[in-house]
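Below is one structure, written out as C-alpha cells, with a few remarks after it.
Throughout, a chain's letter reflects where its sequence line sits, starting with A, and its residues are numbered from 1.
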Amino acid sequence: MPKKKNSRPRRYWLFKSEPDVYGIDQLEKDGSTFWNGVRNYQARNLLRDEILLDDGVLFYHSNAKPMAVVGLARVCKEGYPDQTQFEDGGKYHDPDSDPADPRWYHVDVKFVAKAKEPLTRDMMKAEPKLAEMMLLQRGSRLSVQPVTRSEWQTVLRLAGMKESW
DNA sequence: GCCAACGTTGGC
DNA sequence: GCCAACGTTGGC
C-alpha cells in the first residue's frame, strides 16, 4: 500500500517524452494530461509515492531533434492507478496486474509554460552547475527522475522560464 | 539466488 | 543505424 503522504516542501522532477508520441505542444493544447504507460518499477514508485500535488515538472523531449527541456508543468493529481494496464489487447496491458492491487500508477500534470528557446541537451552539458544532473549521466534511462532545487533553478533561468504558481 | 539471454531505451 | 547500458525473464 502507498505510504502516508505527508506535506513537505515542493519537489522537482523531470519527465521524458518522445515528441512524436506526446510533445509539449500537445500538452499546451490539452492543458493537462495523465502521464500513462510508465512500466518501470523505479519510476512507478516515484509516481505512486513521491510525486505530490504542485510539484514542479521539467518536460524533456527525448529521442528528438533537438533533445531538450522544452517546457514546464506541475502535478495536478497525485498517483492513481493507470487504467491502461487493464485494457485487454491494449499496448500497455499487463495481464499480471491485479485490479485490487494495481501494479502501475500515474499522475496528472498541467501545462505551465513553454521554454522561450528549447534548452538543449548540449547546452545543459555545457553548464557546470548541471554536471551532476541525472539526465546527463551515462546510461540514465529513467523516464521520471528527480531534479534538485538548484538544478531546477538553473534550468529555469537558462530556458527563460518562471514558476507561475 | 544466480546469471545468460533477450528486449528496450535513448544518446550518438 | 548502431550499440552501450539497463531491466526483465526464465532455466537451473
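- Put simply, A/Arg39 has no side-chain N or O that comes within less than 4.0 Å of OP1 or OP2 on C/dT8.
- Rounded to whole Å, atom C1' of C/dA4 lies 14 Å from atom CG of A/Asn63.
- Considering only side-chain N and O atoms, A/Lys125 lies under 4.0 angstrom from the phosphate OP1 or OP2 of B/dC12.
- Atoms CG (A/Leu14) and P (B/dT9) sit 17 Å apart, rounded to a whole Å.
- Between the side chain of A/Thr154 and the backbone N or O of A/Ser150, at least one donor-acceptor pair lies under 3.5 Å.
- Rounded to an integer number of Å, the gap from CD of A/Gln137 to P of B/dC12 is 12 Å.
- Between the C1' atom of B/dG10 and the CE atom of A/Met124 lies a distance of 15 Å, rounded to the nearest Å.
- In the region residues 139-148 of chain A, proximity to DNA chain C at under 4.0 angstrom, judged on heavy atoms, holds for A/Gly139, A/Arg141.
- A/Met133 has its CE atom 16 Å from the C1' atom of B/dG11, to the nearest Å.
- With salt bridges taken as basic N to acidic carboxylate O contacts below 4.0 Å, one links A/Glu163 and A/Arg10.
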- Begin with the C-alpha distance, continue with both residues' side-chain angles, and end with the deciding distance and a verdict on side chain to side chain contact (heavy atoms under 4.5 Å, CB included) for A/Met67 and A/Asp122. CA-CA 8 Å; A/Met67 291 177 279; A/Asp122 287 343; over 6 Å; no

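- Taking atom CG of A/Leu135 as the reference point, atom C1' of B/dG10 lies 11 Å away to the nearest angstrom.
- Using a 4.0 Å cut-off between charged nitrogen and carboxylate oxygen, A/Asp54 and A/Arg74 count as a salt-bridge pair.
- Ion pairing of A/Lys110 with A/Asp30 is absent here, as no side-chain N (NZ or NE/NH1/NH2) approaches a carboxylate O to less than 4.0 Å.
- Between the side chain of A/Asn40 and the backbone N or O of A/Gln42 there is at least one donor-acceptor pair closer than 3.5 Å.
- The side chain of A/Gln42 has C/dG7 as its nearest neighbour among B/dC12, C/dT8, C/dG7.
- Distances shorter than 4.0 Å separate none of the side-chain N or O atoms of A/Tyr41 from OP1 or OP2 on C/dC6.
- Rounded to an integer number of Å, the gap from A/Trp104 CH2 to C/dG7 C1' is 10 Å.
- For the pair A/Lys16 and B/dT9, the criterion of a side-chain N or O lying under 4.0 Å from OP1 or OP2 is not met.
- Per the geometry, NE2 belonging to A/His61 stands 13 Å off P belonging to B/dG10, to the nearest Å.
- With salt bridges taken as basic N to acidic carboxylate O contacts below 4.0 Å, one links A/Asp82 and A/Arg39.
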